[in-house]
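The structure appears right after this line, and notes come after that.
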Amino acid sequence: MSRIVSRAFPLASRSALRPPPLLPVRCVRSPPSPAAVLRRRNLILPLSSFRVPRRSYCSPRDSCSTGDGSRLGSLRRIFANLKGRSPRRRSGPAAKRKAAQPLKERELLLDVKICIEEDLPDDPEILSVAEMLRVNVPMAMKAAFENLSKSKYKTRDTFIDDLGGFEKVELSVMLCNDDFIRKLNKDWREEDHATDVLSMSQHIPELDIPILMMGDVVISVETAARQAEERGHTLLDEIRILMVHGLLHLLGFDHEISDEAEEEMEKEEERVLKSLGWIGKGLIKSAYDAVTEGNPQTEVTDV
């Protein structure tokens with residue numbers, strides 16, 4: 001897999017598992033040319049951005065007493081000291097209005113990597129889906145991020161909550177075949193069968209760095225194609241649904257821990273898909289409907 005490391009544990013498992021062997025998939029950082037895309041089997045998304053409230057980044061030795069929280073305040077204090085006088089503090093109604101304003105927003109860079117596993121055929125539809133994901137994945141990330149701080153979900157693990165402390169978010173989405181995802185499923189979950197989507201987190205809450213390494217979402221195109229035919233929509237529609245499901249897992253949702261958790265994740269899936277105007281039900285809702293309609297072989301088996 002492209003960026004699986006020993007810390008990338010599946011969300012559905014709380015026990016320590018051995019990491020799977022690295023599999024031969026090449027993903028590069030620099031944006032390739034169209035010819036290089038076909039050769040390397042990788043699609044790289046240029047950095048897009050998402051606005052989040054800015055945290056105060058004043059140095060511990062700076063008191064930011066000017067009220068604007070900017071580096072200009074520090075410079076004023078330096079020049080005032082050079083002139084032998086105390087820096088002038090802002091006061092009055094204007095300063096109060098300034099202090100009452102919300103924190104400025106800054107750009108949060110979204111670094112998304114789209115990979116195609118080498119054993120997949122050179123199918124124009126798969127390449128087209130991968131190209132669409134270059135735009136669709138950041139859209140889904142933004143839609144999910146916007147609801148993080150204001151959501152009232154009780155079961156979501158809030159290890160990712162405040163995005164204001166990060167400068168960049170990294171996420172990898174891989175399209176593969178059933179054999180590839182079956183190997184991962186066996187190595188990570190000890191389940192020897194193919195599934196539709198796997199989520200593998202790389203986020204380490206204790207690591208204080210400005211980059212949020214969300215992890216990897218792995219999607220089997222073969223399973224997605226079968227489910228798309230069963231549910232009456234396109235392959236792209238189904239892969240979008242699976243991608244949203246995997247993304248929510250990386251943000252702390254887990255439908256396997258309780259009925260309430262399943263209901264909350266189902267609700268968030270529907271919200272994200274509806275907000276983006278994408279076709280289809282959420283994966284949890286689709287699986288439930290398939291069971292009630294007499295197709296019990298369809299179930300949510302991912303992590």
- Within 6.0 Å of CD in E260, more than 12 heavy atoms from elsewhere: yes
- Looking only at heavy atoms, which two atoms of V221 and I239 are closest? And how far apart? CG2-CD1, 4.4 Å
- For the pair Y153 and F253, name the ring-plane relationship: parallel under 30°, tilted 30 to 60°, perpendicular over 60°. perpendicular
- Message: Using the rule that Ile, Leu, Val, Met, Phe, Trp and Tyr join whenever any side-chain heavy atoms are under 4.5 Å apart, tell me whether V135 and M132 fall into a single cluster.
- Response: yes
- Task: Find out whether E170 and K113 are in side-chain contact, i.e. whether some heavy atom of one side chain is under 4.5 Å from a heavy atom of the other.
- Result: no
- Message: Using every non-hydrogen atom in the two residues, find where A228 and E238 come nearest and quote the distance to one decimal.
- Response: CB-CB, 3.8 Å
- Message: Under a 4.0 Å threshold between the charged nitrogen and the carboxylate oxygen, would E268 count as salt-bridged to R271?
- Response: yes
- Query: With side chains defined as the heavy atoms from C-beta onward, is the minimum distance between E222 and I181 less than 4.5 Å?
  - Reply: no
- Salt bridge D237-R240, side-chain N to carboxylate O under 4.0 Å: yes
- Query: Are any of the side-chain heavy atoms of H255 and H245 separated by less than 4.5 Å?
  - Reply: yes
- Item | Closest contact, heavy atoms only, L247 versus M214 | CD1-CE, 3.5 Å
- Is the backbone of N147 close enough, under 3.5 Å, to the side chain of S151 for a donor and an acceptor to pair up by distance? yes
- So, does S199 use its side chain to make a donor-acceptor pair with the main chain of G246 at under 3.5 Å? yes
- Item | Side-chain touch M141/V112, heavy atoms, less than 4.5 angstrom | yes
- Kindly indicate whether the side chain of L163, heavy atoms from C-beta on, has any atom under 4.5 Å from the side chain of F145. yes
- Item | D123 CG to L235 CG distance, which is reported to the nearest 0.5 Å | 8.5 Å
- Determine, using the 4.5 Å side-chain heavy-atom cutoff (strictly less than), whether I279 and L276 are members of one ILVMFWY cluster. no
- Count the heavy atoms of every other residue, nucleotide or ligand shown that sit under 6.0 Å from CG of D192, and state whether that count exceeds 12. yes
- Message: I'd like to know if the side chain of S220 and the backbone of T223 have a donor-acceptor N/O pair within less than 3.5 Å.
- Response: yes
- Query: So do the side chains of V217 and V197 get within less than 4.5 Å of each other, counting heavy atoms only?
  - Reply: yes
- Query: Just wondering, do L283 and D196 contact through their side chains at under 4.5 Å, heavy atoms?
  - Reply: yes
- Nearest atoms (heavy-atom pairs only) where A140 meets V244: CB-CG2, 4.3 Å
- Query: Nearest 0.5 Å, what's the CE-CH2 distance between M139 and W278?
  - Reply: 5.5 Å
- On a heavy-atom basis, the closest approach of L250 and G215 is CD1-C, 4.3 Å
- Query: Counting only N and O atoms by type, is there a donor-acceptor contact under 3.5 Å from the side chain of E270 to the main-chain atoms of G282?
  - Reply: yes
- side chain to side chain contact (heavy atoms under 4.5 Å, CB included) partner of T195, chosen from L184, N185, D178, L242: N185
- Criterion salt bridge (charged side-chain N to carboxylate O under 4.0 Å, His left out) on K267 and E264, from CA distance to verdict: CA-CA 5 Å; K267 181 179 179 181; E264 290 189 345; over 6 Å; no
- Message: If the threshold is 4.0 Å, N to carboxylate O, is there a salt bridge linking E117 and K183?
- Response: no
- Query: Roughly how far, to the nearest 0.5 Å, is the CG atom of D111 from the CG atom of L212?
  - Reply: 11.5 Å
- Item | Chi angles and distances behind the side chain to side chain contact (heavy atoms under 4.5 Å, CB included) call for K281, I241 | CA-CA 7 Å; K281 307 171 186 176; I241 292 169; 5.9 Å; no
- Item | Short side-chain to backbone donor-acceptor contact, R134 and I114, under 3.5 Å | no
- For the atom pair NZ (K142) and OG (S275), what is the distance rounded to the nearest 0.5 Å? 12.5 Å
- Message: Are there over 12 heavy-atom neighbours, none belonging to I211, within less than 6.0 Å of that residue's CD1?
- Response: yes
